[in-house]
Amino acid sequence: MAEANAASEPIGIDPARVTAWFVENLPAVAPPLHFELITGGRSNLTYRVRDDAGTRWVLRRPPTGTLLSSAHDVVREWRILDLLAGGPVPVPPVLGYCTDHAVTGADFYVMTHVDGIVLDDAETVAALPRQHRRAASHSIVDTLAKIHAVDTTTGPLAQMRRPGSYLERQLRRWSRQLADGGVGPGPVWDVHDLLTRHLPAERWTGLVHGDFRPGNLLIGPDGEVRAVLDWELWTVGDLLADLGWLTTTWASADVIGWAPDPADGFLDVDTIATRYADTTGRDLDDLRYHQAFALWKLAAIAEGVAARFRAGTMGGQDVDVDALARRPAQLAEMAREVLTGRGPG
């Protein structure tokens, strides 16, 4: 991920008040604190925080400005990281959260800084030795299988299990986000209707990350996944939704701008899917639908991303807003092609 230049007052941060919160709530903080906005994110704002002793943390907060209801709930994200801490799913240790908006205008949470490589472009891929890229491919799939093995039938996660179809709830949620965001008739709504008509039955229910892909993982130089990041969309639901998302973003650089390339030493997407099936014992009969749904959800997210950048709430990151505005229709058409069997699946 690219990084913005450090600034004394980065957007979304009140340095004096956040520093006071750190000193009061975390051990051995050595002010002053230095804040770097980690750019490349398209949802919540993420900062690397460093004190004068060289200790590093990561702080997450929502975008600035007016937000859609139920979106960008960073405290909910903190809760799942706290629940998973110490278990088989690698996550960054969380240190605390704040719901006092007087501190910096929004909820935020702080976690330990974990060193690792985020695979999201050619530059970051170059940091992962080629001989370990196959191992990284294996570790990514195996980490997803660990997430899907988390027990959601007992304890706090059992309270998240809801009757009915996860996909139906997701279609309602994202269509509500589209409506609240003022998105009118067009390709994204057309594909929503198509997905609604072809809804498959839900067969495997468990912990769903919601945005599981290499760009949301920290990977060591040996290829092992060190931490799973960006849990904003987690829920208990249809497990194949995560695999549909992973394979869709893995299959083509046209989807999110970069994808693992077998020519660079990564496994191909079919091998990724097969390893998941072999590891979990689940068949992939409905995977094409989940891949189409992933593309449609990306289209819905792209509508919100474009709106946030037009409103200037994403920290001044340098992006082509016109290109962002075109993405929803492009992704919706890709979803239609996958669902109707005309595109790759």
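Not a single donor-acceptor pair under 3.5 Å links the side chain of K297 to the backbone N or O of W245. In this structure, the side chain of W258 does not engage the main chain of V255 through any donor-acceptor pair within 3.5 Å. One N or O on the side chain of H209 and one on the backbone of D230 form a donor-acceptor pair closer than 3.5 Å. Between the side chain of D82 and the backbone N or O of W78, no donor-acceptor pair lies under 3.5 Å. Side-chain atoms of S139 do not come within 3.5 Å of backbone N or O of A135 as any donor-acceptor pair. One N or O on the side chain of T19 and one on the backbone of P15 form a donor-acceptor pair closer than 3.5 Å. Judged by distance alone, with hydrogens and angles left aside, the side-chain atoms of R61 form no donor-acceptor pair with the main-chain N or O of T46 at under 3.5 Å. The backbone N or O of V118 sits less than 3.5 Å from a side-chain atom of T124, completing a donor-acceptor pair. Under the 3.5 Å distance criterion, the side-chain polar atoms of T248 are matched with a main-chain donor or acceptor of G244. The backbone N or O of A30 sits nowhere less than 3.5 Å from a side-chain atom of D52 that would complete a donor-acceptor pair.
Annotation: side chain of C98 is not in contact with side chain of D107 (no heavy-atom distance under 4.5 Å). Looking at W234 and L207, their side chains come closer than 4.5 Å, going by heavy atoms from C-beta outward. Residues V110 and F108 are in side-chain contact: their nearest non-hydrogen atoms beyond the backbone lie under 4.5 Å apart. Contact check for I272 versus F266: no side-chain heavy atoms found under the 4.5 Å cut-off. You'll find the side chain of I13 reaches within 4.5 Å of the side chain of L59, heavy atoms only. Side-chain atoms of V103 and V18, non-hydrogen and from C-beta on, do get closer than 4.5 Å to each other. V125 has its side chain within reach of R133: a pair of non-hydrogen atoms, C-beta onward, lies under 4.5 Å apart. At least one side-chain heavy atom of E303 sits under 4.5 Å from a side-chain heavy atom of V188.
Considering OH of Y166 and CG of D238, their distance stands at 7.5 Å, rounded to 0.5 Å. Atom CG of L240 is separated from atom CD of Q291 by 10.0 Å, given to the nearest 0.5 angstrom. Atom NE2 of H138 is separated from atom NE2 of H132 by 14.0 Å, given to the nearest 0.5 angstrom. To the nearest 0.5 angstrom, I140 atom CD1 is 7.5 Å from L246 atom CG. Here CG of L233 is found 10.0 Å from CG of D242. Values are rounded to the nearest 0.5 Å. The distance from atom CG of D270 to atom OG1 of T247, rounded to the nearest 0.5 Å, is 9.5 Å.
Taking all atoms of both residues into account, the shortest heavy-atom contact from P63 to N44 is CD-OD1, 3.9 Å. Residues L229 and P92 approach most closely at CD2-CG, 3.6 Å, considering heavy atoms. Closest non-hydrogen pair, I117 versus A127, comes out as CD1-O, 3.4 Å. Between S252 and A259, the shortest heavy-atom distance links the atoms C-CB, 3.6 Å. Taking both residues in full, the closest heavy atoms of I147 and W231 are given as CD1-CH2, 3.8 Å, listed atom of the first, atom of the second, then distance. Listed here is the closest heavy atom pair of G206 and T152: CA-OG1, 3.8 Å.
Crowding of R162 atom CZ: a count of heavy atoms from other residues, nucleotides or ligands under 6.0 Å not exceeding 12. Counted within 6.0 Å of CZ on R226, heavy atoms from surrounding residues, nucleotides or ligands total more than 12; the atom is thus considered enclosed. When the shell of 6.0 Å around CD of Q131 is examined, it contains more than 12 heavy atoms from other residues, nucleotides or ligands.
Between W57 and F22, the gap from one ring centroid to the other is short of 6.0 Å.
Taking D115 as the reference, R56 meet the salt bridge (Lys or Arg N to Asp or Glu O under 4.0 Å) condition, with sequence neighbours excluded. For D278, the salt bridge (Lys or Arg N to Asp or Glu O under 4.0 Å) criterion is met by no residue, not counting sequence neighbours. For Y276, the side chain to side chain donor-acceptor pair (under 3.5 Å) test picks out H148, R282, with sequence neighbours left out. Considering only residues two or more places apart in sequence or on other chains, D151 meets the side chain to side chain donor-acceptor pair (under 3.5 Å) condition with T153, T154. Take N216 and apply the side chain to side chain donor-acceptor pair (under 3.5 Å) test, not counting sequence neighbours, and it matches D211.
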- Task: Given side chain to side chain contact (heavy atoms under 4.5 Å, CB included), test M111 with V91 step by step and report yes or no.
- Result: CA-CA 10 Å; M111 53 188 166; V91 293; over 6 Å; no
- Task: List the steps, then state whether side chain to side chain contact (heavy atoms under 4.5 Å, CB included) holds for L218 with V225.
- Result: CA-CA 6 Å; L218 287 168; V225 174; over 6 Å; no
- Check the pair Y289, L167 against side chain to side chain contact (heavy atoms under 4.5 Å, CB included), reporting the backbone distance first and the verdict last. CA-CA 10 Å; Y289 179 95; L167 288 169; 3.6 Å; yes
- Message: Could you go through E168 and L199, starting from their C-alpha distance and side-chain angles, then the distance that decides it, and tell me whether this counts as side chain to side chain contact (heavy atoms under 4.5 Å, CB included)?
- Response: CA-CA 8 Å; E168 285 182 346; L199 201 70; 3.0 Å; yes
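Counted by atom type alone, R173 and Q170 present zero donor-acceptor pairs between their side chains at under 3.5 Å. If you check the side chains of T104 and R17, you find no donor sitting under 3.5 Å from an acceptor. A donor-acceptor pair shorter than 3.5 Å can be found between the side chains of Y109 and E77.
A salt bridge links D286 with R203: the distance from a Lys NZ or Arg NE/NH1/NH2 to an Asp or Glu carboxylate oxygen falls below 4.0 Å. The pair R213-D120 does not meet the salt-bridge criterion, since no charged nitrogen lies less than 4.0 angstrom from a carboxylate oxygen.
Within the structure, every pair that satisfies the side chain to side chain donor-acceptor pair (under 3.5 Å) test and touches residues 188-202, not counting sequence neighbours, is listed here: E202-T205.
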